[in-house]
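All residue numbers refer to positions in the sequence shown, counting from 1. These values consider heavy atoms only, across backbone and side chains, with no hydrogens, waters or symmetry-generated copies.
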Amino acid sequence: MNAATLIAAAPHWQGGPPPFVPGVLMFCVLTLLILGALVFTIARRKGHTPPWAHPRTPRPEETARTVLAERFAKGDITVEEFMERASALNWTPGHNDDKH
């Protein structure tokens, strides 16, 4: 028997994988990508940050407002002093300014 007869008698995928293997692998890869994107999106909506994101450092204004609020809460400063210093920071306590 010569080589041509052996090749003709062999299964058609003799020279490579069966034709369904690349399709199945592509389906599995795409399914995993879609599931990963779905999990990532749900986690972001619940407020989780991605593992590669660095924690946000507060701006100096935010730190100053926090210190001012803590001093007022401890009773170190009066209401008038608190409001005067808050206005110097262009801050109106009680309003949400975390949208920057």
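Under the ring pair (Phe, Tyr, Trp, His ring centres under 6.0 Å) criterion, Phe72 pairs with Phe82, sequence neighbours left out. Remark: Glu81 pairs with Ile77, Thr78, Arg85 by the side chain to side chain contact (heavy atoms under 4.5 Å, CB included) rule, at least two apart or across chains. For Pro58, the side chain to side chain contact (heavy atoms under 4.5 Å, CB included) criterion is met by Glu62, Thr63, not counting sequence neighbours. For Glu61, the salt bridge (Lys or Arg N to Asp or Glu O under 4.0 Å) criterion is met by Arg59, not counting sequence neighbours.
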Table please: side-chain donor-acceptor pairs of residues 24-50 below 3.5 Å, with sequence neighbours left out.
unit_1 : atom_1 : unit_2 : atom_2 : d
Thr31  : OG1    : Phe27  : O      : 2.7
Thr41  : OG1    : Ala37  : O      : 2.8

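Taking every heavy atom of both residues into account, Ala86 and Leu68 meet most closely at N-CD2, 3.6 Å.
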